[in-house]
Amino acid sequence: MKYLGIQISDGIMIDNSKEVRDETIEFLDHWRKVVEDFDNINSLFQLFVSEVAEFNKYMKKCSNKRIEDLNNDEWLKMTLNKHIINITSNGRLFYEHLLLIMKKQYPDHINEWNKKVSQIFDENFSYRFFYKFRNYIQHIGYPITEYKMQYINFEGEERLNVIINFNASVLLNRFDSWGGNVKPDLIALGQDNIIFSEIMQDYFHNLNQIYFYSLEVFMKKNHKFINKQYIKLIELCHQELGKIYIFDASESQLLKLKDSEFGKLHGKTITSLKDVNRVVNTLQEAGIIKK
């Protein structure tokens, strides 16, 4: 016999008064698939976001130091390059991962998605640049051509500003495979610098747009189920956020155990209201579904 169990603060709560129906198991498994599909889109974007956050955190740490401190820091150049490589690599990985997902799981929407991504590529030098910049790093290595340090006044306090530059002419001289979509922009820049902090923010916005478009596609496939079945899941879980299990056990086994001992049973984990809430909350924050 199969029973529904929900993890709570002091163990697992099992309703042993009735066997769980096959329809309920299918319902929960559908939610498991919804969470899995969402995470396929969300996980690598969050990795990219975390890399940007780590870079900003490091730059803030640098802003509280003196120029002589950073000049004596033998790890500074390596650390700055590391952050730039991680941001560039994870941004490209996020896009390539999404492309595979869209082709495989959302074939009815792939053309529309590709059209929107292509528009971002055509209209934003930042996106075109980073798309090729990953290849540049693979061939050349450390990407920074120069960095400068200067003191600035920030809200009445003196802070150290580290400016990371990519000189356009140096990029062109080092690498000849920028392609027709990036090379003309670099030629037009001449001896000017591309300031990393500025172009990175634009690139972050570009990928955030692609992430949003991907969530829209996800919602087109799942909106009927999510909108109609979310309240039902909350009621089924009694608003408990813990993991949801299906236990295959006899009634006599359950009767021998106290509520706090149900964890001794081996159950199949399906999903959790906490994970479903994470999906719903993200879609609400993005404005894709109403709060």
Side-chain angles (χ1 to χ4, degrees), residues 42-98 124-155 157-179 181-183 185-187 189-208 210-211:
N42 184 60
S43 57
L44 287 187
F45 180 69
Q46 296 308 321
L47 179 61
F48 171 74
V49 170
S50 70
E51 292 292 350
V52 173
E54 284 297 315
F55 170 75
N56 290 334
K57 181 179 177 181
Y58 181 73
M59 297 304 287
K60 184 176 181 180
K61 182 179 178 181
C62 289
S63 73
N64 293 317
K65 295 186 175 183
R66 308 297 298 176
I67 289 178
E68 52 267 29
D69 295 329
L70 293 186
N71 281 334
N72 292 326
D73 185 354
E74 62 179 322
W75 299 102
L76 177 65
K77 181 178 179 181
M78 185 200 74
T79 304
L80 291 175
N81 277 289
K82 179 194 74 172
H83 283 298
I84 291 170
I85 291 170
N86 287 347
I87 289 171
T88 303
S89 299
N90 281 299
R92 179 71 176 269
L93 178 63
F94 167 65
Y95 162 72
E96 291 177 346
H97 176 67
L98 276 184
N124 295 274
F125 170 66
S126 53
Y127 186 73
R128 297 195 303 275
F129 174 76
F130 273 98
Y131 189 85
K132 289 291 187 179
F133 195 49
R134 200 271 302 268
N135 296 345
Y136 170 86
I137 293 171
Q138 286 179 325
H139 286 82
I140 305 303
Y142 277 2
I144 296 176
T145 59
E146 65 173 6
Y147 60 87
K148 298 178 180 179
M149 294 179 282
Q150 63 184 33
Y151 294 110
I152 60 172
N153 185 285
F154 180 76
E155 297 180 352
E157 295 183 5
E158 185 179 72
R159 296 286 178 86
L160 180 58
N161 187 28
V162 180
I163 305 169
I164 302 170
N165 293 324
F166 307 128
N167 183 271
S169 63
V170 173
L171 296 178
L172 283 168
N173 289 333
R174 287 181 176 178
F175 186 61
D176 60 1
S177 298
W178 287 105
N181 294 306
V182 177
K183 188 174 182 178
D185 296 283
L186 295 178
I187 292 173
L189 285 170
Q191 294 297 320
D192 289 344
N193 290 318
I194 297 170
I195 300 174
F196 178 72
S197 60
E198 294 177 0
I199 198 169
M200 182 197 69
Q201 290 303 320
D202 292 338
Y203 185 52
F204 184 94
H205 177 68
N206 301 151
L207 291 190
N208 195 47
I210 294 173
Y211 174 63

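- Counting all heavy atoms, side chain and backbone alike, Leu207 lies closest to Phe94 at O-CE2, 3.9 Å.
- Taking CG of Asp69 as the start and CG of Leu76 as the end, the distance is 11.0 Å to the nearest 0.5 Å.
- With rounding to the nearest 0.5 angstrom, the CG atom of Asn161 is 12.0 Å from the NZ atom of Lys148.
- Listed by chain and number, the residues in a side-chain contact (heavy atoms from CB on, under 4.5 Å) with Ser43 amount to none (sequence neighbours excluded).
- Here the straight-line distance linking atom CD1 of Ile187 with atom OG of Ser169 works out to 11.5 Å at 0.5 Å rounding.
- With contacts defined as side-chain heavy-atom distances shorter than 4.5 Å, the pair Asn193/Glu146 qualifies.
- Within the 4.5 Å cutoff, the side chain of Ile67 has no heavy atoms near those of the Gln150 side chain.
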What donor-acceptor contacts under 3.5 angstrom involve side-chain atoms of residues 130-138, with partners at least two apart or in another chain?
unit_1 : atom_1 : unit_2 : atom_2 : d
Arg134 : NH2    : Glu96  : OE2    : 3.2
Tyr136 : OH     : Arg174 : NH1    : 3.3

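- The side-chain heavy atoms of Arg159 and Asn64, taken from C-beta on, include a pair separated by under 4.5 Å.
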Please determine whether side chain to side chain contact (heavy atoms under 4.5 Å, CB included) holds for the pair Leu80 and Met59, giving the CA-CA distance in whole Å, both sets of side-chain angles, and the decisive distance to 0.1 Å. CA-CA 9 Å; Leu80 291 175; Met59 297 304 287; 3.8 Å; yes

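- At distances below 3.5 Å, not a single donor-acceptor pair connects side-chain atoms of Asn208 with backbone N or O atoms of Phe204.
- Side-chain contact between Ile164 and Ser197: absent, with no pair of heavy atoms (C-beta onward) separated by less than 4.5 Å.
- Of all heavy-atom pairs spanning Asn165 and Ile144, the tightest one is O-CG2, 4.1 Å.
- Judged as a side-chain hydrogen bond (donor to acceptor under 3.5 Å, both in side chains), not a single pair has a partner in residues 50-60 (not counting sequence neighbours).
- For the atom pair His97 NE2 and Arg92 CZ, the distance stands at 15.5 Å (nearest 0.5 Å).
- When side chains are defined from C-beta on, Thr79 does not count as touching Asp73, because their heavy atoms never get closer than 4.5 Å.
- Residues Ile194 and Leu186 have side chains in contact (heavy-atom distance under 4.5 Å, counting atoms from C-beta outward).
- When side chains are defined from C-beta on, Arg66 counts as touching Glu158, because their heavy atoms get closer than 4.5 Å.
- The nearest pair of heavy atoms linking Tyr203 to Ile87 is CE2-O, 4.5 Å.
- In this structure, the side chains of Phe125 and Ile199 come closer than 4.5 Å at one or more pairs of heavy atoms.
- Distance CG/Leu93 to CG/Leu47: 7.5 Å, rounded to 0.5 Å.
- When all heavy atoms of Gly190 and Ala168 are compared, the pair lying nearest together is O-CB, 3.6 Å.
- Residues Lys183 and Leu172 approach most closely at CG-CD2, 3.8 Å, considering heavy atoms.
- Contacts of Glu74 classified as salt bridge (Lys or Arg N to Asp or Glu O under 4.0 Å), with partners at least two apart in sequence or in another chain: none.
- With sequence neighbours excluded, the residues satisfying ring-ring contact (aromatic ring centres under 6.0 Å, His included) with Phe196 are Phe55, Phe166.
- Here the straight-line distance linking atom CD of Glu198 with atom OG of Ser126 works out to 11.5 Å at 0.5 Å rounding.
- When all heavy atoms are compared, the tightest approach of Lys65 to Lys61 is CG-O, 3.7 Å.
- Looking only at atom types and distance, the side chain of Asp202 has no donor-acceptor partner in the side chain of Tyr127 under 3.5 Å away.
- Partners of Asp185 according to the salt bridge (Lys or Arg N to Asp or Glu O under 4.0 Å) rule, which considers only residues two or more places apart in sequence or in another chain, are Arg128.
- For Thr145 and Asn167, the side-chain atoms include no donor-acceptor pair closer than 3.5 Å.
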